[in-house]
Amino acid sequence: MHRINENAYVETRTKKKVRQERGEYMEGMEVSNGKIADQLHLMAQLLEILEENPFKIRAYIRAAEVIGRLATPVAALSPKDLETIAGIGPAIAEKVHEIAANGTFPELEEARGRVPPGLIEMLTLEGVGPKTARVLWKKLHIETLDDLEKAARGHRIRTLKGFGEKKERGFLKAIAIARQRKEERRMTRLEADLVIEEVKRVMREGTYDVAGSYRRGKSTIGDIDIVSVDTPSTLNRRLTQIADEVLDEGERKTSFRCRGSRVDIRYTTRSTLGTMLLYLTGSKAFNIRLREIALQKGWRLNEYGIRDLTLGTVHEFSREAEIFSFLGMDPIVPELREDWGEIDAALSHNLPNLVERSQIRSDLHVHSSWSDGNLDIPALAKAGEAHGYTHLLCTDHSSSLGIARGLDEPALRRQAHEIEISNRDSSCQILHGVEVDILADGTTGLPSRILKDLDVVIGSVHSAFSQEIDVMTRRVLSAIGNEHIDIIGHPTGRLLGQREAYAIDMPRVIAAAAEAGKALECNASPFRMDIDDLHIREAVTKGVPISIGTDSHGPGDLAWMDYGVKLCRRGWAEPGNILNTMSVDGLREWAS
DNA sequence: GCCGTTTTCGGCCCGACTGTTTTCAGTCG
């Protein structure tokens, strides 16, 4: 497992900070998009239990999703501006405005008052939806997981119409699972790769495609979706060898747990592979939009083809590209399929020309054995050559970060000498950089007289993560204003599944970077994936260059470049937006 | 509750699997 070296910064957490992390509302604090999305989502759940109009519920869910992936904080927007966002109408705009001011809105509080709080937790149980939760509540007065457990053990569930022994056992099992896992954790891409490797062992080459969020290049993966053209009877038998547990099994679909994660296999034939792959790749919102477009033309799109509803004829598609063409749009690559504007762009033939892996000429954040990496400079150059790079940016830590064996001035001078020697006979040039700490007060961990002689400088936050949002933002802004810093490294500081991003105003950071002509890093380490797609898109829109770096500490880590490129493609980045597409000289000139 | 190059009213994606049923509701993706 890759080691993450972070400064063990001892901090006293104020109550305010803890509440902020929990996402609780506080007077005078700008409510985050995530918090607003959570409230809208909660409203949707309550309305489900209350048996409200399903389309109203969908409207709340859609609004929550849309707001969740906006970079700009919606709390600052007026209801009128909010209404310009697709999926948000006058009613929800008003509610968002209320959440921004009060942390909630009257309809939400009213709905909350009518539903026992424990019912929301019951909805998280596998196999328990709003209808089930409501019946249990109304008929048996079950309001919590404990109530449900007692009722199931006492065989009281089976007295209900439509419920039997299997449901009772199912509830008990779901409760056990829910109690065991602390929280539903998404996989890193590295973990997803391990699960996929395991599944591939029993699959035949050329008979499957990995779909889902993995194929879309997302920074974290919920479950693994695979399309297979093998026969269910033979493959299902082989899959049981690697399954921890089979969840359900059929002729068209099999779900199981492998290495603790859910894997869904869908079976299809080669002649309908295109529609199945399209369906299983998603996203859900993308599929819905595409099916609506088909419907407007009088066609029904599903995973088996497109049916003409008037003629009754069915068109089959072996390849995805044919479906897009049939619908009158340009082909949309998986990374863009989020209903994030790409469908309209495809219809009007305005899709971006996304950056491609083959255009990447360098890795712009690697560590060597001079600090906490495994490879020395010549080995690094060799590894760069193997990846087809013309150059690598070696950025070891500055000495202020004691834990990572940071470099001081004499060490940097010796390192420069070693790099010079290596560059004499290597096709992969090592650029001499540093990952300098942005200290708590916004100054750098190394003095200007050292930084000015380096090729490219990354400035990163490695300490005092719990600063207030305004302090942290100004801290990073002063680094952007530092003439010797070229790139802000892993700008939000998150460690996936371990540590939340620190409080930072990314739109302000992006605007400042645009103004100063500095780059933001897309850190491609699967443990970071920082900045994420929504901020890349915002940066691209504002003309801020993106620098992809694997933050590599060992030879295998350089392969993480793929993750970074996919993430940038999700952010609609074209080659001109990415520093890694530049030549050595071009990059030197940009940084000077 | 949202939305409109057929609509400002009347639509709103579509199918697989399970458990409970004798034809389907609920959940899930």
Side-chain angles (χ1 to χ4, degrees), chain A residues 40 43-44 47-49 51-66 82-96 105 107 122-136 157-171 173-174 211-213 222-227 232 236 246-256 262-268 272 275-276 278-307 309 328 339 343-344 347-348:
Chain A
L40 295 176
M43 183 67 178
L47 292 178
E48 280 201 303
I49 295 170
E51 297 184 306
E52 260 284 357
N53 175 359
F55 301 108
K56 182 172 174 175
I57 293 162
R58 210 180 97 182
Y60 273 101
I61 292 172
R62 171 142 194 249
E65 283 171 355
V66 166
L82 283 164
E83 277 186 57
T84 63
I85 302 169
I88 298 179
I92 292 185
E94 191 53 48
K95 280 154 188 139
V96 169
F105 55 96
E107 292 85 349
M122 279 173 50
L123 287 183
T124 64
L125 294 178
E126 187 78 24
V128 177
K131 296 283 196 299
T132 303
R134 184 183 170 85
V135 169
L136 294 171
I157 308 281
R158 63 184 70 171
T159 60
L160 293 173
K161 197 175 130 210
F163 291 76
E165 284 179 50
K166 284 195 173 178
K167 288 249 174 180
E168 276 177 354
R169 282 201 295 274
F171 290 152
K173 191 177 164 198
S213 56
D223 59 15
I224 304 294
D225 297 298
I226 296 174
V227 177
N236 279 347
V246 176
L247 300 170
D248 46 36
E249 195 175 47
E251 277 297 295
R252 295 164 183 267
K253 161 182 187 189
T254 291
S255 300
F256 58 97
R262 186 190 172 106
V263 180
D264 291 326
I265 310 265
R266 284 297 305 260
Y267 293 104
T268 194
T272 58
T275 35
M276 185 59 86
L278 184 82
Y279 157 70
L280 208 60
T281 298
S283 67
K284 182 177 178 172
F286 175 86
N287 284 346
I288 291 175
R289 272 295 308 280
L290 225 54
R291 288 171 177 196
E292 281 172 354
I293 286 171
L295 214 51
Q296 281 164 15
K297 296 174 185 281
W299 302 327
R300 170 177 296 158
L301 168 62
N302 63 22
E303 57 265 51
Y304 304 108
I306 293 180
R307 172 186 290 271
L309 292 173
D339 188 20
I343 293 173
D344 291 331
L347 285 166
S348 59

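A note on names: the letters A, B, ... follow the listed sequences, proteins ahead of strands, and every chain is numbered from 1. Just so it is clear, the model here is predicted, and its values are computed rather than measured.
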Considering every strand and a 4.0 Å limit on heavy-atom distances, what is the contact class for [X]: base, sugar-phosphate, or nothing?
X	value
A/Ala294	nothing
A/Ile88	sugar-phosphate
A/Gly282	nothing
A/Arg266	sugar-phosphate
A/Leu301	sugar-phosphate
A/Asp248	sugar-phosphate
A/Asp223	nothing

Tell me: [atom1] of [X] to [atom2] of [N], nearest whole Å?
X	N	atom1	atom2	result
A/Arg252	B/dT18	CZ	P	13 Å
A/Phe55	B/dC12	CZ	C1'	5 Å
A/Tyr304	B/dG15	OH	P	9 Å
A/Ile57	B/dC2	CD1	P	14 Å
A/Arg169	B/dG19	CZ	P	9 Å
A/Lys95	B/dC2	NZ	C1'	12 Å
A/Ile343	B/dC13	CD1	P	13 Å
A/Arg62	B/dC3	CZ	P	7 Å

Any [X] side-chain nitrogen or oxygen under 4.0 Å from OP1 or OP2 of [N]:
X	N	result
A/Tyr267	B/dC17	no
A/Arg262	B/dG29	yes
A/Arg58	B/dC12	no
A/Asn302	B/dG15	yes
A/Arg300	B/dC13	no

Do the non-hydrogen side-chain atoms of [X] and [Y] ever get within less than 4.5 Å of each other?
X	Y	result
A/Tyr304	A/Arg252	yes
A/Trp299	A/Ile293	no
A/Glu303	A/Thr268	no
A/Val135	A/Phe163	yes
A/Ile288	A/Arg291	no

Would you list the protein and nucleotides 8-10 of chain B atom pairs, both N or O, that sit under 3.5 Å from each other?
none

Return yes if some donor-acceptor pair links the side-chain N/O of [X] with the main-chain N/O of [Y] below 3.5 Å, else return no.
X	Y	answer
A/Glu168	A/Ile157	yes
A/Asn302	A/Gly305	yes
A/Arg134	A/Ile49	yes
A/Asn287	A/Tyr279	yes

Sticking with atom [atom1], work out how far [N] lies from [M], rounded to a whole angstrom.
N	M	atom1	value
B/dT23	B/dT18	C1'	15 Å
B/dC13	B/dG29	C1'	12 Å
B/dC3	B/dT8	C1'	9 Å
B/dT7	B/dG11	P	14 Å
B/dC14	B/dT20	C1'	23 Å
B/dT6	B/dG1	P	28 Å

**Request:** Could you walk me through whether A/Asp264 and A/Ile226 pass the side-chain contact (heavy atoms from CB on, under 4.5 Å) test, one step at a time?
**Result:** CA-CA 6 Å; A/Asp264 291 326; A/Ile226 296 174; over 6 Å; no
| request: Let me know, please, whether A/Lys253 or A/Leu280 comes out on the 5' side of the other along DNA chain B by nearest nucleotide. | output: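 Comparing both residues, the 5'-ward one is A/Lys253.
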Discussion item. Please compare A/Glu251 and A/Thr124 by the position of their nearest nucleotide in DNA chain B and report the one closer to 5'.
Written reply: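 Per heavy-atom nearest nucleotide, the more 5' residue is A/Glu251.
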Review point. Is the base of B/dT22 syn or anti, if syn means a glycosidic angle within 90° of 0?
Key: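 In terms of base orientation relative to the sugar, B/dT22 is anti.
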Worksheet entry | Any N/O donor-acceptor pair, A/Asp225 side-chain to B/dG29 base, under 3.5 Å |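 Answer no: no donor N or O sits under 3.5 Å from an acceptor.
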Requested in this report: Could you please name the partner base of B/dA25, counting Watson-Crick and G-U wobble pairs only when both distances are under 3.5 Å?
Outcome: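 Its partner is B/dT18 (Watson-Crick or G-U wobble, both distances under 3.5 Å).
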The contact string for nucleotides 20-27 of chain B, one letter per nucleotide 5' to 3', using protein heavy atoms under 4.0 Å with B, S and - for base, sugar-phosphate only and none, comes out as S-----SS
Working to the nearest 0.5 angstrom, can you tell me the gap between [X] [atom1] and [Y] [atom2]?
X	Y	atom1	atom2	value
A/Glu94	A/Ile92	CD	CD1	12.0 Å
A/Ile61	A/Lys284	CD1	NZ	7.0 Å
A/Leu160	A/Thr132	CG	OG1	10.5 Å

Exercise for the section: Can you figure out which of B/dA16, B/dC14, B/dG1 approaches the side chain of A/Arg291 most closely? Expected result: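 Shortest atom-to-atom distance from the side chain points to B/dC14.
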| message | Quick test of your reading of the model: are A/Lys56 and A/Glu107 salt-bridged, counting only N-O distances below 4.0 Å? | response |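 Not counted as a salt bridge, because no side-chain N and carboxylate O are separated by less than 4.0 Å.
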| Got a salt bridge between A/Arg262 and A/Asp225, using NZ or NE/NH1/NH2 to carboxylate O under 4.0 Å? |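 Not counted as a salt bridge, because no side-chain N and carboxylate O are separated by less than 4.0 Å.
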Which atom pairs link the protein and nucleotides 4-7 of chain B when you take only N or O atoms and keep those under 3.5 Å?
none

